[in-house]
Amino acid sequence: MTLWQYTQQGAQTIRESPERINRIEERFAEVGGELREFYMLMGRYDTITISEFPDDETAAQAILSVTEDGNVSSETSKAFSRESTRALLDGLP
């Protein structure tokens, strides 16, 4: 799960956002990831994406490649599905 905030550059070119979302989706796919959900937000963050990647390193590379463009800053958290959460809890010592 990644929370995104527009930079000054990104805000000045806000009308290009739909095309940027398409490029993000393509960029994630290039590294074996998938952009599963995208939402615009009202509040501290401007958008959120829910994505899947083969591993944490690939996720980091994909997110960094998007922030490198200079239109957004990001904060990423690893989210666990309901099934993963149950498996984790079932495995507690």
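When reading the values below, keep in mind they use all heavy atoms of this one structure, side chains included, and skip hydrogens, waters and symmetry mates. Keep in mind the model is a prediction, meaning the values are calculated, not measured.
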Atom [atom1] in [X], atom [atom2] in [Y]: separation rounded to 0.5 Å?
| X | Y | atom1 | atom2 | value |
| --- | --- | --- | --- | --- |
| Asp46 | Gln5 | CG | CD | 6.5 Å |
| Arg82 | Arg86 | CZ | CZ | 6.0 Å |
| Glu19 | Arg15 | CD | CZ | 16.0 Å |
| Tyr6 | Thr13 | OH | OG1 | 9.0 Å |
| Arg20 | Arg23 | CZ | CZ | 7.0 Å |
| Glu75 | Thr67 | CD | OG1 | 13.0 Å |

Measuring only between side-chain heavy atoms, which start at C-beta, is [X] closer than 4.5 Å to [Y]?
| X | Y | answer |
| --- | --- | --- |
| Leu41 | Leu3 | yes |
| Tyr45 | Thr2 | no |
| Val31 | Gln61 | no |
| Ile24 | Phe38 | no |

I'd like to know if [Y] and [X] are part of one continuous hydrophobic network [Ile/Leu/Val/Met/Phe/Trp/Tyr, side-chain heavy atoms within less than 4.5 Å].
| X | Y | result |
| --- | --- | --- |
| Met40 | Ile50 | no |
| Ile14 | Val66 | yes |
| Met1 | Tyr39 | yes |
| Ile48 | Leu35 | no |

Test applied, side chain to side chain contact (heavy atoms under 4.5 Å, CB included); reference residue, Thr76; option that passes from Thr49, Ile63, Asp56: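 Per the side chain to side chain contact (heavy atoms under 4.5 Å, CB included) rule, the option paired with Thr76 is Ile63, out of Thr49, Ile63, Asp56.
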Which pairs with one or both residues in residues 46-84 pass ring pair (Phe, Tyr, Trp, His ring centres under 6.0 Å), sequence neighbours excluded?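 Checked against ring pair (Phe, Tyr, Trp, His ring centres under 6.0 Å) - neighbours excluded - the pairs reaching residues 46-84 are Phe28-Phe53.
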Smallest separation among heavy atoms of Gly32 and Pro54, with atom names: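 Heavy-atom minimum between the residues: O-CD, 3.6 Å.
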Without swapping roles, check the side chain of Asp69 against the backbone of Asn71 for a donor-acceptor pair under 3.5 Å.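 Between the backbone of Asn71 and the side chain of Asp69 there is no qualifying donor-acceptor contact (under 3.5 Å).
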